[in-house]
Amino acid sequence: MTPGALAAKERVQPPSMTRVIASLSDLNLVERKPHPTDGRQIIVSLSESGRALIADEASAREAWMTEQLSTLTADQLAVLEQAVTIMKHIVSESE
């Protein structure tokens, strides 16, 4: 994906995204390659290290959330289910 497309997707200004990409590249979390048809552009993609970091973070978040949810009552879980439905509706309307 191009930096401009990433900026639009994240709703930030392109210069901000360029700085983020540079920092991630310095950490070897993303790779920058020339655009195949536009010499002025680059394509940004996750590196293997970036993929591994995201997988590790997702796994840790899932484990934490599972632990937290296991302590809730049935009534509390029902409230959360209703909240999820509302949040999904909000997100679908904003896309």
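- The side chain to side chain contact (heavy atoms under 4.5 Å, CB included) search around Glu93 returns His89, not counting sequence neighbours.
- Atom OG of Ser47 sits about 9.5 Å away from atom CG of Leu27, to the nearest 0.5 Å.
- What you find for Ile42 and Pro3 is that their closest heavy atoms are O-CD, 3.4 Å.
- Residues forming a side-chain hydrogen bond (donor to acceptor under 3.5 Å, both in side chains) with Arg40 (at least two apart in sequence, or on another chain): Asp38.
- Pro34 places none of its side-chain heavy atoms less than 4.5 Å from the side chain of Ile43.
- Heavy-atom contacts from other residues, nucleotides or ligands closer than 6.0 Å to CD of Glu62 number 12 or fewer.
- Ala5 pairs by the side chain to side chain contact (heavy atoms under 4.5 Å, CB included) definition with Met1, Thr2, not counting sequence neighbours.
- Not a single side chain to side chain contact (heavy atoms under 4.5 Å, CB included) links Ser59 to another residue, sequence neighbours left out.
- Scanning for side-chain hydrogen bond (donor to acceptor under 3.5 Å, both in side chains) contacts around Gln41 gives an empty result, with sequence neighbours left out.
- With sequence neighbours excluded, the residues forming a salt bridge (charged side-chain N to carboxylate O under 4.0 Å, His left out) with Glu48 are Arg51, listed by chain and number.
- With sequence neighbours excluded, no residue forms a salt bridge (charged side-chain N to carboxylate O under 4.0 Å, His left out) with Lys88.
- Ser25 pairs by the side-chain hydrogen bond (donor to acceptor under 3.5 Å, both in side chains) definition with Arg32, not counting sequence neighbours.
- With a 4.5 Å cut-off between side-chain heavy atoms of Ile, Leu, Val, Met, Phe, Trp and Tyr, the cluster of Leu72 takes in Trp64, Met65, Leu69, Leu77, Leu80.
- Each side chain to side chain donor-acceptor pair (under 3.5 Å) pair with one or both residues in residues 8-23, not counting sequence neighbours, appears once here: Ser16-Arg19.
- Looking only at side-chain heavy atoms (C-beta outward), Leu53 and Glu57 come within less than 4.5 Å of each other.
- Through chains of ILVMFWY side-chain contacts below 4.5 Å, Ile90 is grouped with Ile86, Met87.
- In this structure Thr37 satisfies the side-chain hydrogen bond (donor to acceptor under 3.5 Å, both in side chains) test together with His35, sequence neighbours excluded.
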